[in-house]
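Convention: sequence-line order gives letters A, B, ...; per-chain numbering from 1.
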Amino acid sequence: MRVTTSFPLGTLRDTPSEAEIISHQLLLKAGYIRRVSSGVYAYMPIMLRVIEKISAIIENELNSIGCTKLLLPQLHPADLWKKSERWEGYTAGEGIMFNLKDRQGKEFGLAPTHEEVITSIASEIINSYKQLPQCFYQIQTKFRDEIRPRFGLMRSREFIMKDGYSFHSSRNDLALFYEKVGNAYENIFKSCGLQTVGVEADSGAIGGASSKEYMVTADAGEDSILFTESGSYAANIEKAVSIPSQPNLLKDHISGWLETPQQKTIFEVCKNNNLDPSQIIKVVIFLAKFESKSEVPILACIRGDQHINEVKLFNLINKLYRSNLLNIEKIEDKNIIEKNLFNLPLGFIGPDLDNETIKESSSWDKTWTRIIDHSASSLSKFISGGNKVNFHKVFQDFSFASKDYLIEDIRNAKKGDKIKIDDNEELKEKKGIEIGHIFQLGQKYSEKLNAKFSDKDGQLKNLWMGCYGIGVTRIAQASIEQNHDEKGICWPIQISPFEVIIIPTNLKDPIQRDLTEQIYNNFITNKIDVLLDDRDDRAGVKFKDAELIGIPFQIIIGRDSIKKEVELICRANNTKFKISSDKLLKKFISESEIMYNKNS
RNA sequence: CGGGGCGUGGCGCAGCUUGGUAGCGCGGGUGCUUUGGGAGCACUAGGUCGCAGGUUCGAAUCCUGUCGCCCCGACCA
């Protein structure tokens, strides 16, 4: 490709002010993407080459474990999503699915994911266990109506994703294939030159049993991951389970009521009464809203030095009730409290808050669903709200084990916690960018969509399913987050838009010009991804651009052309080789091979 | 949706407090000089100051509304 005639670069001198994190700034500054609307980007030619390289790596690896590529529609009829009972949850209220009506008034959604479509199609073509297992995948634009798109391609409303769906005759076969995909994923990310961690994850709205996320570790990441140094454990903070630190037990002589005027937070109560947060039980109230329109008030208790994990809480409540849970939110709004609750001593609530606090006139469930975290239930003596404004009290031998209280894990694990009682290893925390996610869905979708096959005994059974995602555009940006310096991007060679860029420093010099053409043609003939910066610009400009766009190798053609000598420079570590032009190709091939092997 | 900030040429910004008819740097074009680290000089094109109302003799500037964008939070395969 020649910059002047077929590959305009579109780099910017200044960093656009809209970008906050480095990878987003570089994508814009180096001319890879242009913003069209909030969370909607155009991928410029140079970006498309990166996307295609990543896609090729993915395809290669998935094909090798027997997956088959296809392409599914992006416009999905609402009926299909109503069958899986996801239409309401994905469109109404907090819905993330763009949806629209055609001229007949028929409803459609723009697909954020394809379980429904693939399941209905697969069930039409799969009839017998003899056809199993099968795995179909596609690489395609997905849509999500993000409330707040941010960080460029990291959280955008339109993005390219590889999504795959597998079908199996048994739970066991699914589990085996899931492992296989996990291995393929490790290979894919390695081949992309990325450092990733596989972590246990929450399976979220998509549902299903087991789920694993692949994270690129980077400070700009939006997820927190907890792991042990030895690698024995790694999980998303949403999912992580740990042993809380030991509490400071209350002294024996403390008992009865504590007057705590205006002390509504744990911090204030501790400061004014010389207490430790682990001696207090914090009570937080939530409202759970269900698809069936029913609303259930939740009383969640946890030790004062710990935090409630709302994902765990959500999953727990979702399991507890029949109807689909839409969301849970903290009850904070004064109007809502006044309308539904009676004399709520906000800031002074205890675990024994009376059901009488819920007004008869309220549309809510009339009893509190009481959930106590293990960290709280194990305290035999503790301080909590007195259910009376300006008072806390000491609870002694309070029995959470009675039938009114559910003792569960609703706690955020945190760094410093231990994993096992007999193991001293502590959890560490890092930020991560989720670039892949694999799930064992089980039979959730095949049941809803009636996707069956005949087993060996001729019996109709529901298909077992897995689903597997990789954020293609997210990989591109995450890679920049991991591979850049003060000059710009340093692509891993495997996903770089070009392997090498040729920079003639002075094209007016006929010797340089001829040598440039000769080298360029030679590289093209040898099927090397080469970009020729044939702009009639000063050398400095071309050097800066080459560094900014991050091509791993540069060939500088300059003064020594007369001696048929050129320079080969490695972008990442700035090693330079002065070399005769007839040995250049060979040298480049050996150097680039080293780089390919090092990264993968 | 709550809090904060910003919309002025392709990009980065000044001007707004105190109204007087738009400016700087970079980028673009042309010419000459220069040519291994974002060149110099000269000339030049390009903006209904997000949009709509209002106040005023006069609005980028003041007022009202509205749209868009960014950041924090809530939210999130």
Side-chain angles (χ1 to χ4, degrees), chain A residues 8-21 24-25 28-29 31 34-40 86 89-90 93-97 111-115 142-152 154-157 159 161-165 201-208 211-214 222-223 236 238-239 310-311 314 326-330 332-333 434-441 444 466-471 474 487-488 503-509 512 535-548 554 556-561 566-567 569 574 576 578:
Chain A
L9 287 177
T11 54
L12 302 173
R13 187 69 162 262
D14 302 300
T15 304
S17 58
E18 68 188 56
E20 190 71 10
I21 63 173
H24 186 199
Q25 290 175 350
L28 288 167
K29 192 177 179 205
R34 313 271 317 181
R35 191 182 59 78
V36 173
S37 177
S38 176
V40 179
R86 288 209 295 178
Y90 269 70
E94 305 287 333
I96 56 155
M97 183 156 67
T113 172
H114 283 74
E115 284 81 6
K142 296 276 183 292
F143 300 89
R144 287 178 60 101
D145 186 2
E146 291 287 346
I147 300 171
R148 182 152 91 85
R150 60 187 123 170
F151 306 141
M154 290 294 193
R155 183 158 300 278
S156 52
R157 299 195 290 177
F159 53 96
M161 190 157 188
K162 186 286 295 178
D163 52 326
Y165 307 89
D202 177 62
S203 51
I206 213 141
S211 138
K212 198 168 177 186
E213 278 172 346
Y214 293 86
E222 295 186 87
D223 290 291
N236 190 311
E238 290 178 346
K239 168 94 178 183
E310 292 190 24
V311 173
F314 181 99
L326 289 178
N327 68 342
I328 53 169
E329 54 192 56
K330 262 189 203 163
E332 287 172 320
D333 188 301
E434 179 190 349
I435 54 163
H437 203 158
I438 59 178
F439 302 82
Q440 292 185 30
L441 292 175
K444 176 175 169 181
C467 97
Y468 318 94
I470 292 181
R474 214 182 237 193
K487 294 177 194 162
I503 306 172
T505 58
N506 184 0
L507 277 170
K508 290 212 174 74
D509 175 357
Q512 284 191 31
R535 290 177 296 176
D536 185 18
D537 257 308
R538 299 170 66 85
V541 175
K542 297 201 250 186
F543 292 153
K544 292 281 186 214
D545 272 349
E547 283 155 356
L548 179 61
Q554 301 159 6
I556 315 294
I557 298 170
R559 294 185 196 107
D560 297 331
S561 296
V566 299
E567 264 179 286
I569 301 179
N574 207 32
K576 294 181 188 174
K578 279 208 169 199

**OP:** Pick base, sugar-phosphate or nothing for Glu310(A), based on heavy-atom distances below 4.0 Å to the nucleic acid.
**Re:** sugar-phosphate

Subject >> side-chain hydrogen bond (donor to acceptor under 3.5 Å, both in side chains) against Asp509(A), all qualifying residues, sequence neighbours excluded >> reply: none

Subject >> Spacing between Asp145(A) atom CG and rC1(B) atom P, to the nearest angstrom >> reply: 12 Å

**OP:** Can you see which heavy atom on Pro149(A) is nearest to which on Gly39(A), and at what distance?
**Re:** CB-CA, 3.7 Å

Original post:
For the side chain of Tyr165(A), counting heavy atoms from C-beta on, which of rC76(B), rG36(B), rA77(B) is nearest?
Top reply: rA77(B)

Original post:
Mind checking who rG38(B) pairs with, Watson-Crick or G-U wobble, both distances under 3.5 Å?
Top reply: none

Subject >> Same-atom distance (C1') from rC13(B) to rG2(B), integer angstrom >> reply: 30 Å

Original post:
Say you pick atom P in rA77(B) and the same atom in rG4(B); how far apart are they, in whole Å?
Top reply: 29 Å

Original post:
Looking at residues at least two apart in the chain, or sitting in another chain, which of them share a side-chain contact (heavy atoms from CB on, under 4.5 Å) with Phe143(A)?
Top reply: Gln74(A), Phe98(A), Leu110(A), Thr141(A), Glu158(A)

**OP:** Rounded off to whole Å, could you give me the CD1-to-P distance for the Ile21(A) and rC71(B) pair?
**Re:** 9 Å

Subject >> C1' spacing across the pair rG68(B) / rG29(B), given as an integer number of angstrom >> reply: 32 Å

**OP:** Could you pull out the closest heavy-atom pair between Ile503(A) and Ala546(A), with the gap in Å?
**Re:** CD1-CB, 3.6 Å

Original post:
When the distance from CG of Leu507(A) to P of rU35(B) is rounded to whole Å, what number comes out?
Top reply: 16 Å

Subject >> Partner residues of Leu12(A) under the side-chain contact (heavy atoms from CB on, under 4.5 Å) criterion, sequence neighbours left out >> reply: Pro16(A), Lys29(A), Arg34(A)

**OP:** Mind checking Arg559(A) for me? I need base, sugar-phosphate or nothing, with any heavy atom below 4.0 Å counting as a touch.
**Re:** base

Original post:
When the C1' atoms of rC16(B) and rU8(B) are considered, how many whole Å apart are they?
Top reply: 11 Å

Original post:
Is there a Watson-Crick or G-U wobble partner for rG20(B) with both distances under 3.5 Å, and if so, which one is it?
Top reply: rC57(B)

**OP:** May I ask which nucleotide in the shown strands pairs with rC11(B), Watson-Crick or G-U wobble, both distances under 3.5 Å?
**Re:** rG25(B)

Original post:
Can you name the closest pair of heavy atoms from Glu115(A) and Cys467(A) and give their distance?
Top reply: OE2-SG, 3.4 Å

**OP:** Using modelled atom types only, decide if a donor and an acceptor are shared between the side chain of Lys162(A) and the backbone of Gly436(A) within a distance under 3.5 Å.
**Re:** no

Original post:
Taking atom types as they are modelled, is there a donor-acceptor pair under 3.5 Å from the base of rG38(B) to the side chain of Asp545(A)?
Top reply: yes

**OP:** Answer with base, sugar-phosphate or nothing: what part of the nucleic acid does Ser38(A) contact at a heavy-atom distance below 4.0 Å?
**Re:** sugar-phosphate

**OP:** For residues Gly558(A) and Thr505(A), report the shortest heavy-atom separation together with the two atoms involved.
**Re:** CA-OG1, 3.3 Å

**OP:** Report the residues that fulfil side-chain contact (heavy atoms from CB on, under 4.5 Å) with Arg535(A), sequence neighbours left out, ordered by chain and then residue number.
**Re:** Val3(A), Thr4(A), Leu9(A), Asp533(A), Asp537(A), Lys542(A), Asp545(A)

**OP:** Go through the N and O atoms of the side chain of Arg155(A) and the base of rC76(B), and report whether any donor-acceptor pair is under 3.5 Å.
**Re:** yes

Original post:
Atom CZ of Arg150(A) to atom C1' of rC72(B): distance rounded to whole Å?
Top reply: 9 Å

Subject >> d(CD, Glu329(A); P, rA74(B)) in whole Å >> reply: 14 Å

**OP:** Go through the structure and list residues passing side-chain contact (heavy atoms from CB on, under 4.5 Å) with Glu567(A), not counting sequence neighbours.
**Re:** Ile556(A), Ile569(A), Lys576(A), Lys578(A)

**OP:** Classify the nucleic acid contact of Ile556(A) as base, sugar-phosphate or nothing, counting any heavy atom under 4.0 Å across all strands shown.
**Re:** base

Subject >> RNA chain B: 5'-proximal contact among Arg35(A) and Asp223(A) (nearest heavy atom) >> reply: Arg35(A)

**OP:** Provide the distance between the two C1' atoms, one in rC24(B) and one in rU34(B), to the nearest whole Å.
**Re:** 26 Å

Subject >> 5'-most by nearest nucleotide on RNA chain B - Gln512(A) or Phe151(A) >> reply: Gln512(A)

Below 3.5 Å between N/O atoms, which protein atoms pair up with nucleotides 32-34 of chain B? Just atom names and distances, please.
from: rU34(B); atom 1: O2; to: Arg538(A); atom 2: NH1; distance (Å): 2.7

Original post:
rC1(B) C1' sits how many Å from Lys330(A) NZ, rounded?
Top reply: 17 Å

Original post:
The side chain of Lys544(A) lies closest to which of these nucleotides: rC71(B), rG36(B), rG38(B)?
Top reply: rG38(B)

Original post:
How would you list, by chain and number, every residue that makes a side-chain hydrogen bond (donor to acceptor under 3.5 Å, both in side chains) with Ser561(A), sequence neighbours excluded?
Top reply: none

Original post:
So, is Ser211(A) near the phosphate of rA77(B), with a side-chain N or O under 4.0 Å from OP1 or OP2?
Top reply: no

Subject >> Options rC75(B), rC69(B), rA77(B), nucleotide nearest the side-chain atoms of Ile147(A) >> reply: rC75(B)

**OP:** Remember a base hit wins even if backbone is also touched, and classify Glu222(A) as base, sugar-phosphate or nothing at under 4.0 Å, heavy atoms.
**Re:** nothing

Subject >> Complementary nucleotide for rA77(B) - Watson-Crick or wobble, under 3.5 Å >> reply: none

**OP:** May I ask which nucleotide in the shown strands pairs with rA45(B), Watson-Crick or G-U wobble, both distances under 3.5 Å?
**Re:** none

**OP:** Find the distance Asp163(A):CG to rA77(B):C1' and express it as a whole number of Å.
**Re:** 10 Å

**OP:** Spell out protein contact along nucleotides 4-13 of chain B as letters: B when the base is contacted, S when just the sugar-phosphate is, - when no protein heavy atom is under 4.0 Å; keep the 5' to 3' order.
**Re:** -------BSS

**OP:** Using the C1' atom on both, measure rA52(B) against rG73(B) and round to a whole Å.
**Re:** 32 Å

Original post:
With a 4.0 Å cut-off on heavy atoms, is Glu547(A) in touch with a base, just the backbone sugar-phosphate, or nothing at all?
Top reply: base

**OP:** Taking atom C1' in both rG37(B) and rC43(B), compute the distance separating them and give it to the nearest angstrom.
**Re:** 28 Å

Original post:
Expressed as a whole number of Å, how far does the C1' atom of rU66(B) sit from that of rC71(B)?
Top reply: 22 Å

Subject >> Spacing of Lys578(A) atom NZ relative to rG36(B) atom P, expressed in whole Å >> reply: 13 Å

Original post:
Among all residues two or more places apart in sequence or in another chain, which pass the side-chain hydrogen bond (donor to acceptor under 3.5 Å, both in side chains) test with Arg144(A)?
Top reply: Glu146(A)

